[in-house]
Participant: 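Below are the structure tokens for one structure; questions will follow.
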Number of protein chains: 2
Amino acid sequence: MTSIKDIAREAGVSISTVSYALNGSSKVTEETTARILKIASELNYVPHAAARSLKRKQSNIIGIYLTDFSGNFYGELLQGVKEFLHQSHYDLIVCSGLHSHRMIPERILDGAIILDETFSDEQLIAYADQGHKLVVLDRELNQANINQVLLDNKAGATLAMDFLLKHGHRKFYVITGPKGSYDVKQRLHAVKQAVERNPQLEYIELEGDFEKQSGEAAAKQIIDEYNQPVAVFCLNDEMAIGLYNYVKDYSSLIIGQHIHIIGFDNIELAQYVQPRLATIDYSMRKWGALASEQLLKIIAGKPVDHERIYVSLVEGESVTNRPALSL
Amino acid sequence: MTSIKDIAREAGVSISTVSYALNGSSKVTEETTARILKIASELNYVPHAAARSLKRKQSNIIGIYLTDFSGNFYGELLQGVKEFLHQSHYDLIVCSGLHSHRMIPERILDGAIILDETFSDEQLIAYADQGHKLVVLDRELNQANINQVLLDNKAGATLAMDFLLKHGHRKFYVITGPKGSYDVKQRLHAVKQAVERNPQLEYIELEGDFEKQSGEAAAKQIIDEYNQPVAVFCLNDEMAIGLYNYVKDYSSLIIGQHIHIIGFDNIELAQYVQPRLATIDYSMRKWGALASEQLLKIIAGKPVDHERIYVSLVEGESVTNRPALSL
DNA sequence: GGAGCGAATCGAAACGTTTCTATAAAACTG
DNA sequence: CAGTTTTATAGAAACGTTTCGATTCGCTCC
């Protein structure tokens with residue numbers, strides 16, 4: 001592996017001269033620079049990242065942490081981040097798994113975007129206190145040195161509730177997500193507020209975990225208890241799909257007729273299932289872009305505001321008017 | 001940021017002693033070790049990755065390169081890699097983008113898994129020659145120091161052709177993928193062989209790029225030319241979905257009746273579209289696990305064989321018997 | 001009780017860069 | 001042309017580790 005030293009020897013100059021030349025400093029003559037560059041390329045020289053970041057105290061790498069890679073959920077988000085970062089001199093890497101948390105304190109990353117419940121709030125605050133640059137997407141920390149780009153979960157859940165109401169639904173289930181999740185809390189909160197505003201509303205909470213399979217489990221219970229048309233608000237689309245699967249495979253109930261379903265996230269699949277899943281949409285791409293923009297600002301030491309991503313309703317035939325008379 | 005030096009000062013020992021203690025060397029007394037460990041944790045010490053890998057000449061990070069993050073294609077693969085690597089002391093990061101190629105020669109990674117057409121064969125061979133550890137998933141390099149885990153593309157395409165044949169289809173389209181792609185070449189080759197074996201077969205090649213949108217473009221042409229039931233072999237599912245969308249939205253032709261479609265990959269969506277897409281399945285998870293296993297072996301300097309991933313047919317109602325009489 | 005030994009610890013070099021300061025030569029001054 | 005400034009290059013320290021080869025110390029042994 002060739003180093004700056006080899007180039008220096010070959011060119012008959014000192015290593016400092018080589019370093020200056022490689023970094024395009026005007027201190028070195030054009031000829032010398034040219035000669036050094038030529039030799040460097042002949043020797044296939046590539047700087048050693050570790051050595052460089054040891055000295056420079058930065059790596060030019062930023063990381064994004066996701067709970068897991070599966071699901072079709074993250075593609076757009078990553079695309080947004082990647083596109084934004086492309087204009088900068090930062091490289092993006094995607095990290096997942098408890099193990100890889102280490103890259104933050106070990107200073108492999110110049111900054112990180114966190115959408116990963118496996119970090120605890122305390123952990124993140126501690127990292128930030130030690131000077132690591134973070135943007136969080138899945139929690140509200142209100143910590144001076146951490147930035148956050150949040151989804152307008154409340155608005156989304158409210159849209160969903162209004163949509164159910166508008167179609168005459170009064171009795172409904174909510175399939176929740178991971179207990180600790182900020183998004184879940186926010187969405188649930190909005191549901192409760194809607195119920196307070198409309199006392200004729202009545203709902204049952206079923207515990208889910210944002211995975212398809214927990215939608216299936218909920219479906220089982222809903223079918224067991226079924227005696228009249230009901231609505232279901234799934235706190236994410238993935239579980240709604242699970243619900244679809246189970247209802248279709250193990251019951252004669254019809255979605256959009258006996259069971260009315262609305263989800264959250266507008267994942268790609270939502271438009272392919274039959275009937276089209278009603279859901280809440282937001283631009284994941286924009287979310288990613290905004291998050292990376294914030295992160296770069298933080299790294300550069302600029303002041304930033306907390307941002308919020310707006311949401312909208314996507315109508316779907318999975319929710320229709322409830323027949324005036326039930327049973 | 002606290003370093004080994006701070007600990008040494010605090011503990012009143014030399015930095016070498018601290019280093020030994022932190023690395024659990026038996027050279028240091030248990031008491032001293034305990035004292036040092038305590039101080040280290042009080043000071044929130046975390047080793048500086050760059051310094052360490054500079055000295056150790058390894059980073060304990062392995063990377064996987066993907067052409068892009070979008071699409072639902074990679075989730076399972078990544079899961080497989082992640083699961084396998086979890087037992088090791090290596091961390092996984094996902095990289096994408098021309099820019100991030102640099103991490104290989106810059107020695108940020110101890111090894112890489114490549115499923116990314118944006119690398120050229122020459123580039124990869126050059127890297128391998130310089131001693132970087134690589135496993136490639138999307139090409140056949142037959143280079144002593146690069147390993148590969150390949151899909152049995154030919155078997156897959158042959159299965160698909162047989163399936164069409166069995167249902168009486170004689171005239172069909174093939175929607176191809178990116179020109180340079182190894183997978184595409186292999187799949188196309190198998191198609192040609194099938195045609196040679198069955199001279200009554202006849203096909204038209206349409207160029208695609210593995211993206212949904214190119215399936216739509218192909219659909220347009222197929223519909224324009226339509227005069228009797230045809231079959232279409234899409235070289236991946238993503239394009240098949242595009243084909244579905246266009247046919248449903250802009251024609252009155254029925255999939256599985258006028259247009260018979262088979263794909264490749266068995267992505268999650270394939271089971272949700274109506275009618276279910278016939279396709280070729282293989283275990284992405286296993287692919288990922290095998291690739292990482294190979295990579296770790298290479299890194300450890302052990303000999304490895306090239307492996308192959310087997311495929312199977314998934315029947316779907318997107319292909320049915322061709323009516324005996326056409327038009 | 002000094003030689004020899006093993007155990008615990010230390011000092012220093014090294015990894016590959018960057019960058020500050022020093023030095024020598026060249027280019028200006030008046 | 002002696003004195004000063006500028007320019008090109010060299011030397012060396014530093015970044016935070018690891019690790020090799022000392023050094024010190026308390027023992028045992030004859």
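Chain naming here is simple, since letters A, B, ... match the order of the sequence lines and numbering starts at 1 in each.
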Participant: Using a heavy-atom cut-off of under 4.0 Å over every strand shown, decide if A:T32 touches base, sugar-phosphate, or nothing.
Facilitator: sugar-phosphate
Participant: Go through C:dT17, D:dT18, D:dT9 for me and flag the one nearest to the A:A51 side chain.
Facilitator: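 Nearest nucleotide to the side chain: C:dT17.
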Participant: In whole angstrom, give the distance that lies between atom OH of A:Y45 and atom C1' of C:dG16.
Facilitator: 7 Å
Participant: Quick check: on DNA chain C, is the nucleotide nearest B:G12 upstream (toward 5') of the one nearest A:V46, or the reverse? Name the residue that is more 5'.
Facilitator: B:G12
Participant: I need the CZ-C1' distance between B:R107 and C:dC15, as an integer number of Å.
Facilitator: 11 Å
Participant: Expressed in angstrom and rounded to an integer, what is the separation of B:H48 atom NE2 from D:dT18 atom C1'?
Facilitator: 15 Å
Participant: Who passes side-chain hydrogen bond (donor to acceptor under 3.5 Å, both in side chains) against B:S88, sequence neighbours left out?
Facilitator: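 So B:S88 forms no side-chain hydrogen bond (donor to acceptor under 3.5 Å, both in side chains) with any residue.
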Participant: Output the residues of residues 14-22 of chain B in contact with DNA chain D, where contact means a heavy atom of the residue under 4.0 Å from an atom of the strand; sort by number or write none.
Facilitator: B:I15, B:S16, B:S19, B:Y20
Participant: Would you confirm whether A:T33, through its side chain, and A:T29, through its main-chain N or O, come within 3.5 Å as a donor-acceptor pair?
Facilitator: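 Between the backbone of A:T29 and the side chain of A:T33 there is a qualifying donor-acceptor contact (under 3.5 Å).
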Participant: To the nearest angstrom, how far is A:E30 atom CD from D:dA8 atom C1'?
Facilitator: 13 Å
Participant: In terms of relative ring orientation, are B:H101 and B:F119 parallel, tilted or perpendicular, with 30° and 60° separating the classes?
Facilitator: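 Parallel, since the angle between the ring planes stays under 30°.
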Participant: Has the side chain of A:T118 got a donor or acceptor atom that lies under 3.5 Å from a matching backbone atom of A:T67?
Facilitator: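 The answer is no, because no donor-acceptor pair under 3.5 Å joins these two groups.
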Participant: Could you state the atom-to-atom distance from NZ of A:K57 to P of D:dA14 in whole Å?
Facilitator: 13 Å
Participant: Looking only at N and O atoms, is any donor in the side chain of B:K55 or the base of D:dT17 less than 3.5 Å from an acceptor on the other one?
Facilitator: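 Such a pair does not exist between side chain and base.
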Participant: Verify the contact: side-chain N or O of A:T29 to OP1 or OP2 of D:dT7, cut-off strictly under 4.0 Å; return yes or no.
Facilitator: no
Participant: Please evaluate residues A:Y182 and A:V136 with respect to the criterion side chain to side chain contact (heavy atoms under 4.5 Å, CB included), reporting the C-alpha separation (whole Å), side-chain torsions for both, the decisive distance (0.1 Å), and the verdict.
Facilitator: CA-CA 11 Å; A:Y182 169 76; A:V136 298; over 6 Å; no
Participant: Would B:E42 and B:K38 pass as an ion pair if we require N to O under 4.0 Å?
Facilitator: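 Yes, B:E42 and B:K38 are salt-bridged.
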Participant: Can you measure B:I4 atom CD1 to C:dC10 atom C1' for me and round it to whole angstrom units?
Facilitator: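 Atom-to-atom, B:I4 to C:dC10, this comes out as 14 Å.
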Participant: Determine the minimum heavy-atom distance between B:R308 and B:L151, stating which atoms define it.
Facilitator: NH1-O, 3.6 Å
Participant: Bend across the helix from C:dG1-D:dC30 to C:dG30-D:dC1, to 10°, with axes taken over 5 pairs at each end?
Facilitator: 60°
Participant: Just N and O in the side chain of B:R52: are any of them under 4.0 Å from OP1 or OP2 of D:dT18?
Facilitator: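 Yes, B:R52 has a side-chain N/O under 4.0 Å of OP1/OP2 on D:dT18.
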Participant: Reckon B:K5 has a side-chain N or O less than 4.0 Å from the OP1 or OP2 of D:dC15?
Facilitator: yes
Participant: If we count only N and O atoms by modelled type, under 3.5 Å, do the side chains of B:S25 and B:N23 hold a donor and an acceptor together?
Facilitator: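 B:N23 and B:S25 do not have a side-chain donor-acceptor pair below 3.5 Å.
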Participant: In whole angstrom, what separates A:K27's NZ from C:dT23's P?
Facilitator: 16 Å
Participant: Could you check how far CG of B:N23 sits from P of D:dG16, rounded to whole Å?
Facilitator: 17 Å
Participant: If you apply the rule side chain to side chain contact (heavy atoms under 4.5 Å, CB included), what do you find for A:L109 with A:H132, and how did you get there?
Facilitator: CA-CA 9 Å; A:L109 307 174; A:H132 302 292; over 6 Å; no
Participant: Counting distance only, does the side-chain N/O of B:N236 pair as donor-acceptor with the main-chain N or O of B:F210 below 3.5 Å?
Facilitator: yes
